[in-house]
Amino acid sequence: MSKPLFYAASLVVLAFVAVKVRTRLQLSAAKHASLTGHARMARRFAALVPFYEYRERDFFRADSAPDDVAARRKAGFERLAAHYRTHFAATARQSDEVQDSISDLQFTSRYRVPFQFSRVVREHFKAGAFLASSSGVTVTDLDGNRFYDLTGSYGVNVFGYDFYKECIARGSERVAALGPVLGAYHPVTAYNVARLREISGLDEVSFHMSGTEAVMQAVRLARYHTQRKHLVRFCGAYHGWWGDVQPGVGNPLAARETYTLEDMDESALRVLASRRDIACVLVNPLQALHPNASAPGDSTLVDSGRKAHFDRAAYAAWLEKLRAVCTARNIVLIFDEVFVGFRLALGGAQEYFGVRADMVTYGKTIAGGLPVGVLCGRARFMKRFREDRPADICFARGTFNAHPYVMGSMYEFLQRLETDPVRALYRDLDARWNGRAAALNARLQEADLPVQVRNLSSIWTIVYTRPSRYNWMLQYYLRAAGLALSWVGTGRLIFSLNYSDEDFAAVADRIVSAVGAMHGDGWWWSAPVLTNKAIRRRVLREMIQARCSPLIGSMSSPRSR
Ligand SMILES: Cc1ncc(COP(=O)(O)O)c(C=O)c1O
């Protein structure tokens, strides 16, 4: 090779390497600084966390509170435990019977509070996994206790349980003549498709059995049509439990074709604008309440660092930017509305934020209380075959897709969306729920209680204003006060839109009273040295100590798992 040719070739190679390095650095810069933003590191860290737990004495002074405060906490704990024993006995007995045989239950009961406290809590507060009935905005357990329902059935319950009972009953009648015949469609399906096209503003629809599956199908199709491998999700966003959308803790495999980028940050836009391997961007609009943080649950409530704040205009502006870069780069923009669809507006998050996606997934509420996942998309992204290459297909089927009973219940749901009483629920929706949140916050503040709520319309989370290791205890006080929470505890309260002012006033009274009782029992003892940072440092020290010397440890007492 001649010298000039060699120099020219070297220059080309150097330029190529420089571009590669630049795009790699851009990608690193677009990761959120937290562990949540670094999936691989988070998985490694999680594997190192040792098990240890507090003996009963240490349980009450994990923050080095003085003895008198620890004694107050213990007395409060015992009083609450006695309440649970007497009021929730039958429900707890039934739960105990299946506790070891339902893996899901074993998991959720274990991860209700930070693991150091979990065993003692499980022994004293049998949460009760059974319910007997629902009515209005309440559910009733096996002991006859009525609770205001704040679980929202994982978000399914938008309009109240009676609404869904009707959808299921009427829908079942409607399809009864066909029964569970699969493969062919019941005629109600045609109406559902027409309405879904109208609501989403998109061309085609496919039916699946869960939100997770709808997301899987959206990503698969985006890869097929763009012929690119990578999906982009934003830090902390949940899109179901399929491996590619869950690259961090919880998935035994690394998701190699997933980029997790910082939400609401220009650095993510730079990555989208420069890389050529991105097929789609997944957006879960629920993240608007807590960008870059995972869904809040009490099992990770180690200190009072939980934050949430919703700014509709800022999030809408962010979605517009995403829309623009995706259009420019031919990247498929997917809104995952499995959670928020129909909760924020009749036209879902697209209408609420005023931005259109190429594909939208729905689920949870849309089949009137039966299990479902729906994908709507532009025709050019939904097609599963190529006219010019008949063997090059994007396969997706599912035995129970478009099940007649699901379609029947969905038909009832979609019909009811058009009725006046349902439309009325959306009028001034945000003003109503923001007003309720503000009024409750004012009451909590007036009573000098260290608790506030934050909300995205009817989706709420509780935040804590004083550093503490014991915030997770609140879920047990709330239950004793007659409020039903899901297994993530105070991380997420989900109201159905049929909560009247009177219903809400009763819930607010109970929240204030439960927070007051917990405060009175000394759990929010504070001292100048007790900062969130100090708490996190202390927990880290305990972990290191438990890891290095599993048989000793002053605060901790290692036990077998
Ligand atoms: C935004 C979002 N996507 C997908 C899913 C998964 O749906 P499913 O639990 O029906 O599989 C969920 C469930 O919570 C969700 O909130």
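First listed ligand is number 1; within each ligand, the first listed atom is number 1.
Residue Lys307 places its NZ atom among 12 or fewer non-hydrogen atoms of other residues, nucleotides or ligands, all under 6.0 Å distant.
An N or O contact shorter than 3.5 Å is missing between Phe339 and ligand 1 by distance. At under 3.5 Å, a nitrogen or oxygen of Thr212, whether backbone or side chain, sits near a nitrogen or oxygen of ligand 1. At a 3.5 angstrom cut-off on N or O pairs, Asn284 does not count as close to ligand 1.
A cation-pi arrangement is absent between Arg510 and Tyr148 under the rule of less than 6.0 angstrom and at most 45 degrees off the ring axis. Seen from the ring of Phe147, Arg479 counts as a face-on cation partner, given the 6.0 Å and 45° thresholds. Remark: Arg492 qualifies as a cation-pi partner of Phe339 under the 6.0 Å distance and 45° angle criteria applied to the six-membered ring.
Protein heavy atom nearest atom 8 (P) of ligand 1, with residue, atom name and distance: Gly211 N, 3.5 Å.
Heavy-atom proximity to atom 4 (C) of ligand 1, evaluated over Glu337, Gln287, His239, His208, is greatest for His239. Heavy-atom proximity to atom 13 (C) of ligand 1, evaluated over Lys364, Met209, Glu213, is greatest for Lys364.
Here is the list of ligand 1 atoms found below 4.0 Å of a heavy atom in Ser210: 10 (O), 11 (O). Ligand 1 places these atoms under 4.0 Å from at least one heavy atom of Asp336: 1 (C), 2 (C), 3 (N), 4 (C).
Contact between Tyr238 and ligand 1 is present, with at least one heavy atom of the residue lying under 4.0 Å from the ligand.
Side-chain atoms of Ser210 come within 3.5 Å of backbone atoms of Glu213 as a donor-acceptor pair (strictly under, hydrogens ignored). With Arg43 contributing its side chain and Asn251 its backbone, the two residues share a donor-acceptor pair below 3.5 Å.
Taking the six-membered ring where the residue is Trp, Trp460 and Trp433 present perpendicular rings, their angle passing 60° and hence far from 30°.
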